[in-house]
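Every number for a ligand or one of its atoms is a count from 1 in the order of the listing. Along the sequence shown, the residues carry numbers beginning at 1.
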Amino acid sequence: MSKILLIGGTDPSGAGLQTDWQVAHYLGVNASSVVSAVTSQNSEGVFDQGVLAYSQIKSQLDSIKSEPFTVIKIGMLGNADAVKAVVEFIASNNQLLKSKHRKAFVIADPVLASSSGGALMDEAGKQAFLSDLLPLITLITPNSDELESLTGISISNEQDLATAAQQLITLGAKNVLVKGGHLYNANDTNQSNDLFVSVDGSANIKGEEESFYLSGERWKNRSNVRGTGCSLATAIACQLSLGFPLNDSIVYAKALISNGIRNASLTENNQYKLQFSHYDTHHPFELMDMPKLVKHAEMLSKNFNFACCDAVSDSNSGNIICNKEPNNKLGIYPVVDSLEWLQKLIPLGIKTIQLRIKDQHPDDVEEDIIAAIKLAKKYNVRLFINDYWQLAVKHQAYGIHLGQEDLDDADMASIAQSGCRLGVSTHSYTEVARTLAINPSYIALGPIYETTSKIMPWIPQGVTAVEKWVNLLGKQFPLVAIGGINYQRAAALKQTGIGSVAMISAIIKTENYELATEELLELWEDV
Ligand SMILES: Cc1ncc(COP(=O)(O)OP(=O)(O)O)c(N)n1
Ligand SMILES: Cc1nc(C(=O)O)sc1CCOP(=O)(O)O
């Protein structure tokens, strides 16, 4: 079982170390905890506080130092001595991890003041934090007040916020998550928007630098829930310890805290306390809690409306009835690389199919795309064109399928306006969050099993993950599973309630494609 280390101050009223521990427990992560300070506070103010002596913090840390921690979450430190004890511990912990060729993930919530306003870090402590601790931190999670205080940049608009986050990077931070920026899209106070900036390639599975905005619902009448910052940082730490990449850990944690705020219970002190719904241990939140991810601030206010994937009617009548059911079932979905394969499979009764031609000049594929669209219309088949979205729009294809990289360049507004349906590939929480911001016609989930048809950095998600995605997304979007799916695996996936399975090799690399197609269609007949 993974184990993390929590370092921070106690708070009897719903934040601090006790809350961190509760979050770890809720997520099934074993945590050791070290007290750096003891505070007396509630939503009205901080009444008393005492930072433990360097020797007391050090001796607590010494008592657990034999087993290296791979994830350490830091909250309130209070002064320079506490910072020193923690810096020394991280160095010795990393020394122990050296044999495993790694360093600990260190998540720091820079607690400078309570949400009620009382100072919780002195000036010397802040300077020690910046000079000695910041270089050891994997992710720092300030709110905009803390970011102002750490950088000295006064923040009054979104550009200031981005500049200040960049300044923290210049001071030595590698990954910065600025929480709750109400500055973005200030007209829409129903959204809580965070800014994430990463410069060392450690945030995602591809090792790439990235930055994004995460937008979540700001739940009404829940403005004074305490402990949300601590809980967010702890949930990120927990997800990292469970093996998720940093970007996915952040998206997951934001969804979890949204759920905790939405379900917050009112205490006798007239104060809201985070409470998580017991929906599911793997996705312990609902779709309304999932944030939307966009790469540029101006996208926060954009809404797209793609055509739905109609229920395909009987090919005899020729009528396509637009059925706005969100969980439309797209059925057996072959992905093929030529017009010839469309000509072979469509007459067998396939109702959803994708033409996926790779790396050709658009001029060289246009004729085949025109012929494919004509054929699909004749047989009343949902044909999705992979990648060549301009040609698909130009020739009025039924739909387009795009991967995450394609989303950077494709013109969403013109695809939506054309009436083409849009399917989008996803492989992780981050990609699902980005896809939710686009609100496509269907969402593909992959790879479910190991695939030989494409090289990808993701390990297979497995059937259990499909069940979770169906619970989370299936009421709002048609879902398609892809990656290594053959007849037996399709049978297992059918039990999850997913409406569609896509495959390449199980059809086009078999000895008898007709038999393989017929068997799959029969298996899925009653879905
Ligand atoms: C139904 C379906 N799901 C996923 C994919 C993969 O799309 P993408 O990520 O764009 O990768 P390439 O197909 O371009 O390699 C798909 N094509 N279809
Ligand atoms: C094209 C593709 N996309 C995937 C994804 O996970 O997004 S998996 C995949 C290959 C699917 O081929 P096969 O059925 O032969 O495994």
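Among Pro334, Gly403, Ser425, the residue whose heavy atom lies closest to atom 4 (C) of ligand 1 is Ser425.
The ligand atoms of ligand 2 that sit less than 4.0 angstrom from a heavy atom of Gly446 are 6 (O). Every atom of ligand 2 with a heavy atom of Pro447 under 4.0 Å away is listed here by number and element: 6 (O). Atoms of ligand 2 lying under 4.0 Å from at least one heavy atom of Lys454, given by number and element, are 1 (C), 2 (C), 3 (N).
Proximity of Gly484 to ligand 2 is established by a heavy-atom distance of less than 4.0 Å. Residue contact annotation: Phe384 has no non-hydrogen atom under 4.0 Å from ligand 1. Within the 4.0 Å heavy-atom cutoff, Val335 does not count among the residues contacting ligand 2.
Close N/O approach between His427 and ligand 1 is not found [any backbone or side-chain N/O within under 3.5 Å].
Using a 4.0 Å cut-off between a side-chain N of Lys or Arg and a carboxylate O of Asp or Glu, Lys358 and Asp337 do not qualify as a salt bridge. Electrostatic pairing of Lys179 and Asp109 counts as a salt bridge here, judged by a charged N lying under 4.0 Å from a carboxylate O. With respect to the salt-bridge test (charged N to carboxylate O, under 4.0 angstrom), the residues Arg262 and Glu286 qualify.
In terms of protein heavy-atom proximity, atom 14 (O) of ligand 2 is closest to Ile504 N, 2.9 Å. Ranking the protein heavy atoms by distance from atom 10 (C) of ligand 2 puts Thr451 OG1, 3.5 Å first. Ranking the protein heavy atoms by distance from atom 8 (S) of ligand 2 puts Met456 CE, 3.6 Å first. The nearest heavy-atom contact from the protein to atom 3 (N) of ligand 1 is Ala444 CB, 3.3 Å. Residue, atom and distance of the protein heavy atom nearest to atom 13 (O) of ligand 1 are Arg356 NE, 2.6 Å. For atom 11 (O) of ligand 1, the closest non-hydrogen atom of the protein is Lys454 NZ, 2.5 Å. In terms of protein heavy-atom proximity, atom 14 (O) of ligand 1 is nearest to Lys358 NZ, 2.4 Å. For atom 7 (O) of ligand 2, the closest heavy atom belonging to the protein is His427 NE2, 2.7 Å. The shortest contact between atom 16 (C) of ligand 1 and any protein heavy atom is with His401 NE2, 3.3 Å.
If you look at Tyr333 next to ligand 1, the close heavy atoms, those under 4.0 Å, all belong to the side chain. When non-hydrogen atoms are compared, ligand 1 lies under 4.0 Å from the side chain of Gln354 (C-beta onward) but not from its backbone. Residue Arg356 touches ligand 2 through its side chain alone, judged by heavy-atom distances below 4.0 Å. Heavy atoms of Glu405 found under 4.0 angstrom from ligand 1: none, in either backbone or side chain.
Each of Thr70, Val71, Asp20, Leu240 was evaluated against Ile4; a single residue qualifies, Val71, per the side chain to side chain contact (heavy atoms under 4.5 Å, CB included) test.
Two rings, from Phe384 and Tyr398, have their centers less than 6.0 Å apart. Separation of the Phe244 and Tyr429 ring centroids falls under the 6.0 Å cut-off.
Side chain to side chain, Arg382 and Thr352 meet the donor-acceptor criterion of an N or O pair below 3.5 Å.
The aromatic rings of Phe212 and Phe196 are tilted relative to each other, their planes meeting at an angle between 30° and 60°.
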Worksheet entry | side chain to side chain donor-acceptor pair (under 3.5 Å) assessment of Ser198 paired with Glu208 | CA-CA 9 Å; Ser198 168; Glu208 292 166 356; over 6 Å; no
